[in-house]
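Lettering of chains follows the sequences in order, A, B, ..., and the numbering in each one begins at 1. The structure displayed is predicted, hence computed values, not measured ones.
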2 protein chains.
Amino acid sequence: MAQRNTRQRAAVGELLGRTSEFRTASQIHDDLRHAGEDIGLTTVYRTLQLMVEAQQLDAIRTDDGETAYRRCSTGHHHHLVCRTCGRTVEVEGPAIERWTDQVAADHGFTDVQHQLEIFGVCGNCQH
Amino acid sequence: MAQRNTRQRAAVGELLGRTSEFRTASQIHDDLRHAGEDIGLTTVYRTLQLMVEAQQLDAIRTDDGETAYRRCSTGHHHHLVCRTCGRTVEVEGPAIERWTDQVAADHGFTDVQHQLEIFGVCGNCQH
DNA sequence: ACGCTTTTGACAACCGTTTTCACTTTCGTT
DNA sequence: AACGAAAGTGAAAACGGTTGTCAAAAGCGT
C-alpha cells in the first residue's frame with residue numbers, strides 16, 4: 001500500500017507551509033507540542049526525511065551541526081547579520097542567484113543550492 | 001606563556017600543508033597513525049580548532065554531518081561542493097564581492113564579511 | 001636541570017539523529 | 001460498520017561525530 005495520511009504528517013506539513021524560514025527538527029517538534037499536537041520527535045524526523053525525498057523541503061546543515069528544513073520556495077533571500085547585536089536584515093539578490101547557477105553549470109554541477117550570509121556591524125553598534 | 005610547539009601540531013600542520021583537499025578529523029587521524037605518528041584523536045580535533053581560529057584552515061560541514069578541514073589558500077574565494085562525493089571547486093566572483101559590500105553599505109553596515117557556499121551534484125556523480 | 005604552565009590522550013559525556021520493536025492507526029476490502 | 005494487512009508511531013536504546021575531564025607528559029623561560 002502507498003503512503004498514508006496521518007494527523008502527524010498533516011501537522012508538520014501545515015506548520016512548514018505557513019513559514020518560509022529554516023527550522024530544525026526540534027524547533028518544529030517544540031512548536032507542534034506547544035500548539036497542542038501530540039507528536040514524537042522521531043516522527044518529526046521521519047516526516048521531514050520523507051518530505052526532503054519528495055522534494056517538498058530543502059535541508060541545510062547549520063554551523064553547529066544541526067539540520068534545518070524549509071519548504072522549497074521560489075524567491076529565497078539571504079541574511080545581513082550584525083555581529084554585535086544580532087540584528088538581521090533579509091536581502092534579496094537576483095544577480096546572485098543567476099551567478100551561482102551559472103558558475104555551477106559551468107562546472108557541470110546540477111541540483112544546485114547555495115547559502116550566503118553577510119556579517120558586519122550595523123549603524124547602531126558603531127558608536 | 002604563549003602557544004607551544006609540539007610534535008603533534010607540527011604533524012597536523014605539515015599534513016594539511018601538503019594537500020589542498022578537504023579532510024575530516026578522523027581521516028587526518030588515520031593518515032597520521034598510518035604514517036607512524038603517535039597522536040590521539042582528541043588532539044587532532046583540538047589542533048584543527050586552533051588552526052581554524054588562527055584562520056589557517058577553512059572548515060565546512062559535509063552533508064552527512066562531519067566537519068572537513070582544508071588549509072586556506074590565499075585570495076578570497078568561494079566553494080562549489082559536490083554533495084555526493086565532496087569534490088570541491090574554488091570559484092571567484094568579483095561581482096559577488098561588490099554586491100555584498102553594496103548591500104551592506106545600503107543598510108548602514110560596516111566591517112563586512114561574507115560566506116557563500118554552493119552545493120550541487122557534480123558531473124561524475126550524476127550516473 | 002628546575003618548575004611552572006601548556007598540552008596530551010584515554011575515557012566518558014554530549015547532542016543530534018537513526019534504529020528498534022511493540023503497539024496503534026489507516027484504508028481497501030468485506 | 002467491521003476486519004485485517006500494511007504502514008505509521010513513539011519511547012527508549014543505539015549510533016557517530018565532537019567536546020569535556022583530569023591525571024600524566026612535555027615544552028620552555030629561568
Side-chain angles (χ1 to χ4, degrees), chain A residues 1-17 21-54 56-70 115, chain B residues 1-16 21-54 56-70 81 83-86 88 117 119:
Chain A
M1 211 179 296
Q3 192 158 303
R4 293 176 183 176
N5 297 325
T6 65
R7 171 177 56 77
Q8 292 89 337
R9 288 183 185 165
V12 172
E14 207 225 324
L15 178 69
L16 283 166
E21 297 296 307
F22 277 105
R23 319 229 69 198
T24 65
S26 72
Q27 282 174 338
I28 291 166
H29 183 236
D30 288 349
D31 287 353
L32 292 175
R33 294 299 273 255
H34 191 264
E37 272 297 330
D38 188 9
I39 185 172
L41 181 56
T42 309
T43 300
V44 172
Y45 273 108
R46 271 187 301 228
T47 303
L48 292 171
Q49 244 169 234
L50 285 174
M51 292 178 77
V52 169
E53 278 160 25
Q56 291 164 17
L57 296 183
D58 286 334
I60 60 164
R61 288 271 175 183
T62 65
D63 235 30
D64 53 320
E66 285 180 286
T67 307
Y69 304 85
R70 185 186 67 172
Q115 272 177 267
Chain B
M1 212 178 296
Q3 193 158 302
R4 291 177 182 174
N5 297 325
T6 66
R7 171 177 56 77
Q8 291 90 336
R9 288 183 185 165
V12 173
E14 206 225 326
L15 179 69
L16 284 166
E21 297 295 306
F22 276 105
R23 320 230 66 198
T24 65
S26 72
Q27 282 174 338
I28 292 166
H29 183 237
D30 288 351
D31 287 353
L32 292 175
R33 293 299 273 256
H34 191 263
E37 274 295 331
D38 188 8
I39 184 171
L41 181 56
T42 310
T43 301
V44 173
Y45 273 108
R46 271 185 303 227
T47 303
L48 293 171
Q49 244 169 235
L50 285 174
M51 292 177 78
V52 169
E53 280 160 25
Q56 291 164 17
L57 296 184
D58 286 334
I60 59 165
R61 287 270 176 184
T62 65
D63 233 31
D64 54 320
E66 285 180 286
T67 307
Y69 303 85
R70 189 184 64 170
V81 184
R83 74 166 75 83
T84 301
C85 71
T88 301
E117 307 267 332
F119 301 96

Subject >> Spacing between Leu48(B) atom CG and dT19(D) atom C1', to the nearest angstrom >> reply: 13 Å
**OP:** For Asp64(A) and dC15(C), give me the distance from atom CG to atom P, rounded to whole Å.
**Re:** 12 Å
Original post:
Between Thr67(B) and Tyr69(B), is any pair of side-chain heavy atoms under 4.5 Å apart?
Top reply: yes
Original post:
Is Thr42(B) near enough to dA10(C) that one of its side-chain N or O atoms lies under 4.0 angstrom from OP1 or OP2?
Top reply: no
Original post:
What is the nucleic acid contact for Thr67(B), judged by heavy atoms within less than 4.0 Å: base, sugar-phosphate only, or nothing?
Top reply: sugar-phosphate
**OP:** Compare all side-chain heavy atoms of Thr62(A) with those of Glu66(A) and state whether any distance is below 4.5 angstrom.
**Re:** yes
**OP:** Measure from the side chain of Glu66(B), starting at C-beta and using heavy atoms only, and say which of dG10(D), dG9(C), dG17(D) lies closest.
**Re:** dG17(D)
Subject >> Thr6(A) side-chain N/O to dT26(C) phosphate OP1/OP2 under 4.0 Å >> reply: no
**OP:** Could you tell me whether the side chain of His29(A) reaches within less than 4.5 Å of the side chain of Thr24(A), counting heavy atoms only?
**Re:** no
Original post:
Does Asn5(B) put a side-chain nitrogen or oxygen below 4.0 Å from OP1 or OP2 of dC28(D)?
Top reply: yes
Subject >> From CA spacing to verdict: side-chain contact (heavy atoms from CB on, under 4.5 Å), Met51(B), Arg9(B) >> reply: CA-CA 10 Å; Met51(B) 292 177 78; Arg9(B) 288 183 185 165; over 6 Å; no
Subject >> Contact check, side chains of Leu16(B) and Arg70(B), non-hydrogen atoms, under 4.5 Å >> reply: no
**OP:** Could you check how far CD of Glu53(B) sits from C1' of dT19(D), rounded to whole Å?
**Re:** 13 Å
Original post:
Can you find a donor-acceptor pair, distance only, under 3.5 Å between Arg46(B) side chain and dG9(C) base?
Top reply: yes
Original post:
How would you label the contact of Ser26(B) with the nucleic acid (heavy atoms, under 4.0 Å): base, sugar-phosphate, or nothing?
Top reply: nothing
**OP:** Whole angstrom is fine here: how far is it from CZ in Arg7(B) over to P in dC28(D)?
**Re:** 14 Å
Subject >> Distance, rounded to the nearest Å, where Arg61(A) contributes CZ and dT18(D) contributes C1' >> reply: 13 Å
Original post:
OP1 or OP2 of dT17(C) sitting under 4.0 Å from any side-chain N/O of Tyr45(A)?
Top reply: yes
**OP:** Taking only the side-chain nitrogens and oxygens of Gln8(A), find out if one of them lies under 4.0 Å from OP1 or OP2 of dT25(C).
**Re:** no
Original post:
Hey, does Arg9(B) reach any base, or is it just sugar-phosphate, or nothing, if we go heavy atoms under 4.0 Å?
Top reply: sugar-phosphate
Subject >> Atom-pair distance (CD on Gln27(A); C1' on dT17(C)), nearest Å >> reply: 16 Å
**OP:** Round to the nearest Å and state the distance from Glu37(A) atom CD to dT9(D) atom P.
**Re:** 12 Å
**OP:** Send over the distance from Arg33(B) CZ to dT8(C) P, rounded to a whole Å.
**Re:** 14 Å
Original post:
Which comes earlier along DNA chain C counting from the 5' end, the contact point of Leu41(B) or that of Gln3(B), where each point is its nearest nucleotide?
Top reply: Gln3(B)
Original post:
Under 4.0 angstrom, heavy atoms only, what part of the nucleic acid is Asp38(B) near: base, sugar-phosphate, or nothing?
Top reply: sugar-phosphate
Original post:
Within the modelled atom types, does a donor on one side and an acceptor on the other bring the side chain of Arg4(A) and the base of dA6(D) under 3.5 Å apart?
Top reply: yes
